[in-house]
Trainee: 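Okay, here's the structure, questions in a sec.
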Amino acid sequence: GRAPGGPYRVVLLGASGVGKTAFSSIFAGAADSMDSDDCELCADEVCEKKIEVDGEAATITLLDTSDAETDDGPAREHYMQTGDAYLLLYSVTDRASFLRASELRITLRRFRPAQHTPIILVGNKCDLARRREVSVNEGRACAAVFDCKFIETSAAVQHNIWEAFHGMVRQLRLRRDSK
Ligand code: GDP
């Protein structure tokens, strides 16, 4: 009974500091958010926006789990159970966040065992080449093991952010059309 163009609930997951707030700020339209503390708009809140992907409108409801990630309680469970799709972020400059993404992927599988929920593994901060701790190939290999898509992004220079959202919508449509 879901309407063809959404709204799709897309959940941002990932360790602290990987760029979830920066992602949701770009999504919400605050282009200069990297230079200000004015990122509160979407943090831990629902932010709904209509975007056009391949000539067709889609409404995305973005949920940023920034403060919920250390919380293994009901809020976290709620996110894990109610998303239509997940952006699983790590920072390519932080190996611990890459390991955290793997843990979150496993937790997701536990919460959504039978369902084919679209997940994209997102390696953010690819602009910081000299501080890189996780290679592109490692990211890609991890995504292959976890059976999800993979993209590297930079919220700082706004590289591939919309591609990630568009890829998400395309996966959701494929899933919808195959039903
Ligand atoms: P969150 O804890 O996951 O919400 O992470 P934030 O969005 O608050 O980002 C943490 C820090 O990393 C902030 O200082 C951001 O400005 C910075 N940051 C986020 N994304 C990028 C990126 O793609 N490149 C660079 N260089 N810095 C980033």
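Just so it is clear, the structure is predicted and the values come from calculations on it, not from any experiment.
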Trainee: In terms of relative ring orientation, are Phe165 and Phe27 parallel, tilted or perpendicular, with 30° and 60° separating the classes?
Mentor: tilted
Trainee: Does any non-hydrogen side-chain atom of Tyr8 lie less than 4.5 Å from one of Met168?
Mentor: no
Trainee: Can you tell if the side chain of Ile119 reaches within under 4.5 Å of the side chain of Leu108, non-hydrogen atoms only?
Mentor: yes
Trainee: What distance do Arg109 atom CZ and Met80 atom CE have between them, rounded to the nearest 0.5 Å?
Mentor: 12.5 Å
Trainee: Indicate yes or no: at least one non-hydrogen side-chain atom of Trp162 is less than 4.5 angstrom from one of Ile51.
Mentor: yes
Trainee: State the CG-CD1 distance between Leu172 and Ile60, to the nearest 0.5 angstrom.
Mentor: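 So the CG of Leu172 and the CD1 of Ile60 are separated by 7.5 Å.
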Trainee: Are any non-hydrogen side-chain atoms of Asp54 and Arg170 less than 4.5 angstrom apart?
Mentor: yes
Trainee: Heavy atoms, side chains only, cut-off 4.5 Å: are Tyr90 and Leu99 in contact?
Mentor: no
Trainee: Could you state the interatomic distance from CG (Leu89) to OG (Ser97), rounded to the nearest 0.5 Å?
Mentor: 9.0 Å
Trainee: Tell me, yes or no, whether the heavy-atom count around Lys149 atom NZ, taken from other residues, nucleotides or ligands under 6.0 Å, exceeds 12.
Mentor: no
Trainee: Counting N and O atoms only, with roles assigned by atom type, does the side chain of Arg9 sit under 3.5 Å from a partner on the main chain of Thr82, one being a donor and the other an acceptor?
Mentor: yes
Trainee: Does Val169 reach the side chain of Glu56, with side-chain heavy atoms less than 4.5 Å apart?
Mentor: no
Trainee: Assess whether side-chain hydrogen bond (donor to acceptor under 3.5 Å, both in side chains) is satisfied between Ser91 and Asn124, documenting all intermediate values.
Mentor: CA-CA 5 Å; Ser91 166; Asn124 189 41; over 6 Å; no
Trainee: For a 4.5 angstrom cut-off between non-hydrogen side-chain atoms, does His159 reach Asp127?
Mentor: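 Answer no - side chains too far apart.
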Trainee: Would you say that Leu121 contacts Phe146 through its side chain, given a criterion of any heavy-atom pair below 4.5 Å between the two side chains?
Mentor: no
Trainee: In terms of heavy-atom contacts, does CZ of Arg131 have more than 12 from other residues, nucleotides or ligands at under 6.0 Å?
Mentor: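 Not more than 12 within 6.0 Å, no.
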